[in-house]
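Contents: one structure, followed by commentary.
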Amino acid sequence: MNMIEKLLSTNLTSNTITYYRLKKLASLAQTSEDHVSRLGMAISLAEGSIPSDWMPKALSHENGDEIGTSTKQIRGRTLFKEELHIWMALTLRYQTPSDYEDWRRVLRAHWERGVEHISLRSFEEGDWIRTLNSIISE
């Protein structure tokens, strides 16, 4: 199986805090967690390279008691749709994953970093439209 097929067939598993954020953001935006996930990926990729040890961290406004223990699993086909080549090209602008596991790690980190960024902005803005506008205005 080639790299593209392997990545489309994979499942990415989020950290518990990312799943908590996805649920909150999807509710705020009145859309699916998958849509928020794709937006998060795009935002993180636009920020550039991501450190190999990057992990989501709790933000000051988040209540640790609400986070829970569940994770989000998302299939590659759901996250990347028919655009995996584009996601990979955007990744390659800033870093060069070495193998399948490295690609999975980098793409998962971008997904979670982007969701963290949206979560912080949504707290600052308090409204989905203002949140998107502030991200676009950067």
I'd like to check [X] versus [Y] (side-chain heavy atoms, cut-off strictly below 4.5 Å). Are they in contact?
X: F80; Y: M41; result: yes
X: T16; Y: S70; result: no
X: T31; Y: L25; result: no
X: D34; Y: L79; result: no

Tell me the closest heavy-atom pair linking [X] and [Y], and the distance in Å.
X: A42; Y: W87; answer: N-CZ3, 3.6 Å
X: I129; Y: D127; answer: N-OD2, 2.9 Å
X: A26; Y: S32; answer: CB-C, 3.9 Å

Report yes or no: do [X] and [Y] belong to one cluster of Ile/Leu/Val/Met/Phe/Trp/Tyr joined by side chain heavy-atom distances under 4.5 Å?
X: M3; Y: I86; result: yes
X: V36; Y: L132; result: yes
X: I118; Y: I136; result: no

Open item on the list: Suppose we screen for side-chain contact (heavy atoms from CB on, under 4.5 Å). Which residues come up paired with T18, at least two apart in sequence or across chains?
Closed with: S14, N15, L22, P56, E112, V115
Open item on the list: Checking I4 now: which residues fulfil side-chain contact (heavy atoms from CB on, under 4.5 Å) with it, not counting sequence neighbours?
Closed with: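 Expected list: N2, L8, L84, H85, M88.
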Distance in Å, [X] [atom1] paired with [Y] [atom2], rounded so as to fall on 0.5 Å steps:
X: K24; Y: Y19; atom1: NZ; atom2: OH; answer: 13.0 Å
X: T131; Y: L39; atom1: OG1; atom2: CG; answer: 10.0 Å
X: H117; Y: I135; atom1: NE2; atom2: CD1; answer: 5.0 Å
X: I74; Y: R108; atom1: CD1; atom2: CZ; answer: 12.5 Å

- [ ] Check which hydrophobic residues are tied to L120 through side-chain heavy-atom contacts below 4.5 Å, counting indirect links as well, and list them.
- [x] L59
Task: Remaining members of hydrophobic cluster (4.5 Å side-chain criterion), Y20 - done: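 In the cluster with Y20 are I17, I67.
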- [ ] Check whether the side chains of R121 and S134 place a donor and an acceptor atom closer than 3.5 Å, and report yes or no.
- [x] yes
Task: Pairs touching residues 7-17 that satisfy salt bridge (Lys or Arg N to Asp or Glu O under 4.0 Å), sequence neighbours left out - done: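 Matches after skipping sequence neighbours: none remain.
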TODO: Enumerate the residue pairs fulfilling salt bridge (Lys or Arg N to Asp or Glu O under 4.0 Å) with a member in residues 37-64, sequence neighbours excluded, ordered by first and then second residue.
DONE: R21-E62, R38-E83, E47-R113, K57-E116
Would you be so kind as to tabulate the donor-acceptor pairs closer than 3.5 Å made by side chains of residues 95-103, with sequence neighbours excluded?
from	atom 1	to	atom 2	distance (Å)
Q95	OE1	I50	N	3.1
Q95	OE1	H110	NE2	3.2
Q95	NE2	I50	O	3.4
S98	OG	D102	OD2	3.4
D99	OD1	E101	N	3.4
D99	OD1	D102	N	2.9
Y100	OH	T10	OG1	3.0
D102	OD1	R105	NE	3.2
D102	OD1	R105	NH2	2.8
D102	OD2	S98	N	2.8

Task: S122 (side chain) donor-acceptor with S119 (main chain) under 3.5 angstrom - done: yes
TODO: Please report the C-alpha distance between Y94 and L45 in whole Å, then the side-chain angles of each, then the deciding distance to 0.1 Å, and finally whether the side chain to side chain contact (heavy atoms under 4.5 Å, CB included) criterion is met.
DONE: CA-CA 9 Å; Y94 301 106; L45 285 165; 6.0 Å; no
Task: Pairs touching residues 31-53 that satisfy ring pair (Phe, Tyr, Trp, His ring centres under 6.0 Å), sequence neighbours left out - done: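 Qualifying pairs, neighbours excluded: none.
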TODO: Mind jotting down which residue pairs meet the ring pair (Phe, Tyr, Trp, His ring centres under 6.0 Å) criterion with at least one end in residues 46-74? Sequence neighbours excluded, please.
DONE: H61-F123
Side chain to side chain donor-acceptor pair (under 3.5 Å) involving [X] - partner list, sequence neighbours excluded:
X: E33; value: K72
X: R130; value: none
X: S49; value: none

